[in-house]
**Student:** 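My questions all concern the structure below.
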Amino acid sequence: MKNKILRLILGDQLNYQHSWFREQRPDVTYLMMEMRQETDYARHHAQKLIGFFAAMYNFVAFLRKSGHQVIYLQLQDKKNLQSLSENIKSLIAENGFTHFEYLLPDEFRVDEQLKKLSKEINIEVSSSDTEHFITKREDFQEIFSGKKKYLMETFYRKLRQRTGVLMDGDEPAGGRWNYDLENRKPFKSHQKAIPPLEFNHDYKSIWKEITKAGVKSIGTPLDSKFPWPTTRKESISVLNYFLDELLTHFGEYQDAMTSRSWSLFHSRISFSLNTKMISPLEVIKKAEERFRNNPEHYTLPQVEGFIRQILGWREYMRGIYWAEMPQFSNLNFFEHKRKLPAWFWTGKTKMACLHQAITQSLEHAYAHHIQRLMVTGNFALLAGINPDEVDEWYLGIYCDAIEWVEITNTRGMSQFADGGIVGTKPYISSAAYINKMSDHCKGCTYDYKIKTGEKACPFNSLYWNFLDNHRKKLENNPRMGMMYKVWDKMQANEKEKIILQAQKFFDEIKIL
Ligand code: FAD
Ligand code: SF4
């Protein structure tokens, strides 16, 4: 019998440069599917749904144009059984495929599903690498074998050495590995933001298909002016725009927040990276090239700060995901139980910083890192929200949210629900930090300087209440000592007022 191979490509495996596509093979049929299994496992942002379908659709067009055979099941197709396993079983039965091949998925649930399916179908099965990441799933365990704790910095340095990125021989370029401390400036009122590069796609038909099928979503669809890149070419334009216009400001203002811009100097390449339309190494190499070829214009701290996010944080989070799943998804170190207030889905809160972060997330399916970490995440942690609720929100709302990178950032870095697997201490702050790094406090109903009373900013009492509440779990953490010293120096009656104020905020959380 002649070989008939069915090759599966998932919606986040749009690697235009994968070796699979180098030759046209008459014995191979590629399979891509829009499925309710994927549209419904979280309530996704409308732009995330549209973006994934449009990017998949364009990828199918690329494959067909390159001479490959493709089966593309759309949401409304009668033959679509809406489940990965059921569709594959049915296609094998119908078409007599002799082999099934898939690219290793990046999500645990899909990995398990494919392993189970492989045992159920009676044909030969094999899997291949997506050829996207710099590290393999198992590299992480190897790097940290025998070590008590994972450390991003150790991992990052190893990868710099391994890839030769920003290395001069055996030494880091410029003599230092990390220029993080030089990257912490607020954005001043006289400074001008540079607008993001947006596209003007008309994806009304895709949105119609999604709504007709009854898929539930959140956020604004922006169907007649869809702004995100949905091909490799467009993804490279967004990257080049970042390198040409934004990179020189990126590092310096990486932690800044302003109501005058929703993306400031951030690259907005996470959707392109996470769907694999562009690769991390090509992004890193292009950024390094700028610095090497034009050192008068691009400084080492700027370029190193950006490269660290991708070579360091992104690969590190993926490593943790595969090392710690599935138990990671159930961790709740602080035993937080509160529900996320309804205004997380409307943006209707008097807290200006949260209003900005949530409203722009609903409008653009995007918030930059420090908004996710130090505004929405910080609030959720201080307010004692159940990490399941927090994860669900983050997994739905951002166009770049795929579990491997969402859960490690949310449950790990932001909520410290892992008790310190990802980070060494919880990322929490009172209003002083938000005021220092943003222009939000100026126009806020609340006063960032005040801890108690009518105008008091909720971040202040919630911050001290959190520390007091979790003292047993945190006070021996050497990085938390200073905070407890400050708390311990406060007068007993002031402490009492702060705790009562926090309690009042908990009671009124729905209307803050
Ligand atoms: P830039 O600020 O321009 O950074 C460049 C790139 O570096 C990003 O595109 C991203 O690929 C990488 N990067 C930066 N920080 C991280 C990080 N902590 N972890 C992994 N990669 C990083 N990122 C996602 O891709 N998907 C998510 O679902 C996601 N959820 C998050 C949830 C929380 C609570 C937090 C605190 C962070 C989350 N991040 C997530 C990480 C980061 O916020 C986004 O990658 C970034 O905001 C994307 O915007 P950008 O492309 O403009 O990034
Ligand atoms: Fe946010 Fe408080 Fe500042 Fe208002 S005063 S913007 S709530 S930190």
Side-chain angles (χ1 to χ4, degrees), residues 12 42 48 152 196 238-239 242 246-247 250-251 253-255 257 259 262-275 278 280 283-284 287 305-318 320-321 349-357 361 365-381 387 390-391 393-415 422-423 427 429-450 455-460 462-463 505 512:
D12 65 345
K48 181 180 176 190
M152 204 306 267
V238 174
L239 172 62
F242 169 74
L246 309 172
L247 173 58
F250 172 82
Y253 301 108
Q254 199 175 336
D255 289 0
M257 295 176 278
S259 50
W262 59 271
S263 57
L264 210 54
F265 305 114
H266 292 268
S267 65
R268 290 171 63 252
I269 57 167
S270 48
F271 177 72
S272 299
L273 273 173
N274 295 355
T275 48
I278 50 173
V283 174
I284 290 167
F306 176 68
I307 288 179
R308 183 167 3 100
Q309 306 309 314
I310 299 171
L311 184 62
W313 280 110
R314 188 168 185 267
E315 295 284 323
Y316 179 70
M317 289 310 205
R318 176 163 180 271
I320 290 193
Y321 182 78
T349 163
K350 297 188 286 281
M351 291 180 275
C353 52
L354 278 152
H355 171 76
Q356 170 71 33
S361 301
Y366 178 90
H368 58 75
H369 185 68
I370 221 70
Q371 292 179 301
R372 298 187 201 196
L373 186 65
M374 297 313 290
V375 178
T376 38
N378 186 14
F379 181 85
L381 179 55
V390 189
D391 258 336
W393 186 81
Y394 278 99
L395 187 58
I397 199 149
Y398 294 118
C399 64
D400 56 31
I402 302 181
E403 193 190 63
W404 67 268
V405 59
E406 175 280 324
I407 202 169
T408 41
N409 271 292
T410 304
R411 200 170 278 259
M413 182 190 275
S414 159
Q415 298 303 293
V422 170
Y427 280 94
S429 82
S430 63
Y433 173 83
I434 297 175
N435 178 57
K436 187 176 139 214
M437 296 312 299
S438 81
D439 53 15
H440 300 316
C441 298
K442 282 188 198 98
C444 186
T445 305
Y446 299 101
D447 188 331
Y448 76 93
K449 296 186 283 311
I450 305 181
K455 297 276 287 173
C457 167
F459 278 93
N460 293 333
L462 292 181
Y463 172 82
F505 285 136
L512 283 181

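Just so you know, ligand 1 is whichever comes first in the structure, and atom 1 is the first atom listed for that ligand. Because the structure is predicted, anything quoted here is derived from the model rather than measured.
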**Student:** Ligand 1 versus Met317, non-hydrogen atoms closer than 4.0 Å: side chain, backbone, both, neither?
**Tutor:**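 For Met317, only side-chain atoms sit under 4.0 Å from ligand 1.
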**Student:** Where the closest heavy atom to atom 26 (N) of ligand 1 is concerned, which of Leu239, Val283, Val375, Asp400 has it?
**Tutor:** Asp400
**Student:** Are any of the side-chain nitrogens in Arg372 or Asp400 under 4.0 Å away from the carboxylate oxygens of its partner?
**Tutor:** yes
**Student:** Is a donor on one side and an acceptor on the other found under 3.5 Å between the side chain of Gln309 and the backbone of Phe306?
**Tutor:**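 Side chain of Gln309 to backbone of Phe306, a donor-acceptor pair under 3.5 Å: no, none is there.
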**Student:** Is it the side chain, the backbone, both or neither of Ala367 that has a heavy atom closer than 4.0 Å to ligand 1?
**Tutor:** backbone
**Student:** Which of the numbered atoms in ligand 1 are below 4.0 angstrom from a heavy atom of Phe250?
**Tutor:** 1 (P), 2 (O), 3 (O)
**Student:** Would you please say whether a donor-acceptor pair under 3.5 Å links the side chains of Asn378 and Ser429?
**Tutor:** yes
**Student:** To the nearest 0.1 Å, how far is atom 25 (O) of ligand 1 from its closest protein heavy atom, and which atom is that?
**Tutor:**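 Going atom by atom, the protein heavy atom closest to atom 25 (O) of ligand 1 ends up being Asn274 ND2, 2.8 Å.
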**Student:** Is it true that a side-chain atom of Asn435 and a backbone atom of Cys441 form a donor plus acceptor pair closer than 3.5 Å?
**Tutor:** no
**Student:** Looking only at protein heavy atoms, which one is nearest to atom 23 (N) of ligand 1, and what is the separation?
**Tutor:** Val405 CG2, 3.7 Å
**Student:** Which atoms of ligand 1 are found less than 4.0 Å from any heavy atom of Leu373?
**Tutor:** 36 (C)
**Student:** From atom 37 (C) of ligand 1, work out which of Val422, Val390, Asn409 has a heavy atom at the shortest distance.
**Tutor:**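 Of the listed residues, Asn409 has the closest heavy atom.
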**Student:** Could you find the nearest protein heavy atom to atom 10 (C) of ligand 1 and give me its residue, atom name and distance?
**Tutor:**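 Nearest protein contact, heavy atoms only, for atom 10 (C) of ligand 1 is Arg314 CD, 4.4 Å.
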**Student:** Please write down residue, atom name and distance for the protein heavy atom closest to atom 30 (N) of ligand 1.
**Tutor:** Arg372 NH1, 3.5 Å
**Student:** Ligand 1 versus Tyr366, non-hydrogen atoms closer than 4.0 Å: side chain, backbone, both, neither?
**Tutor:** side chain
**Student:** Return all protein N, O or S atoms below 2.8 Å from atom 4 (Fe) of ligand 2, chain by chain in residue order.
**Tutor:** Cys444 SG
**Student:** Starting from atom 53 (O) of ligand 1, which protein heavy atom do you reach first, and at what distance in Å?
**Tutor:**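 Answer, as residue, atom name and distance: Ser267 OG, 3.9 Å.
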**Student:** Checking a contact table here: which protein heavy atom is nearest atom 28 (O) of ligand 1, and how many Å away?
**Tutor:** Ala401 CA, 3.1 Å
**Student:** Counting from 1, what ligand 1 atoms have a heavy atom of Glu406 closer than 4.0 Å?
**Tutor:**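 Going through ligand 1 atom by atom, the ones under 4.0 Å from Glu406 are 27 (C), 28 (O), 30 (N).
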**Student:** Among all protein heavy atoms, pick the one closest to atom 16 (C) of ligand 1 and tell me residue, atom and distance.
**Tutor:**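 Minimum-distance protein heavy atom for atom 16 (C) of ligand 1 reads Trp313 CB, 3.9 Å.
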**Student:** Which class fits the ring pair Trp393 and Tyr398: parallel under 30°, tilted 30 to 60°, perpendicular over 60°?
**Tutor:** perpendicular
**Student:** Which ligand 1 atoms does Phe306 reach within 4.0 Å, using its non-hydrogen atoms?
**Tutor:** 5 (C)
**Student:** Give the contacting part of Leu395 toward ligand 1: side chain, backbone, both or neither, where contact means a heavy-atom distance below 4.0 Å.
**Tutor:**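 The answer is neither; Leu395 stays 4.0 Å or more away.
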**Student:** Which protein non-hydrogen atom lies closest to atom 48 (C) of ligand 1, naming both residue and atom, and how far is it?
**Tutor:**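 The closest one turns out to be Ser270 OG, 3.3 Å.
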**Student:** Just jot down the ligand 1 atoms closer than 4.0 angstrom to any heavy atom of Ser414, in number order.
**Tutor:**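 Listed by number with element, the hits are 34 (C).
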**Student:** List ligand 1 atoms under 4.0 Å from Leu273, heavy atoms only on the residue side.
**Tutor:**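 Once the distances to Leu273 are compared, the set is 11 (O).
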**Student:** Have a look at Arg268, Gln309, Arg308 and point out the one with the heavy atom closest to atom 14 (C) of ligand 1.
**Tutor:** Gln309
**Student:** Using atom types as modelled and distance alone, determine if a side-chain donor or acceptor of Gln415 lies under 3.5 Å from a backbone N or O of Val390.
**Tutor:** no
**Student:** Using a 4.0 Å heavy-atom threshold (strictly under), name the region of Tyr398 that reaches ligand 1: side chain, backbone, both or neither.
**Tutor:** neither
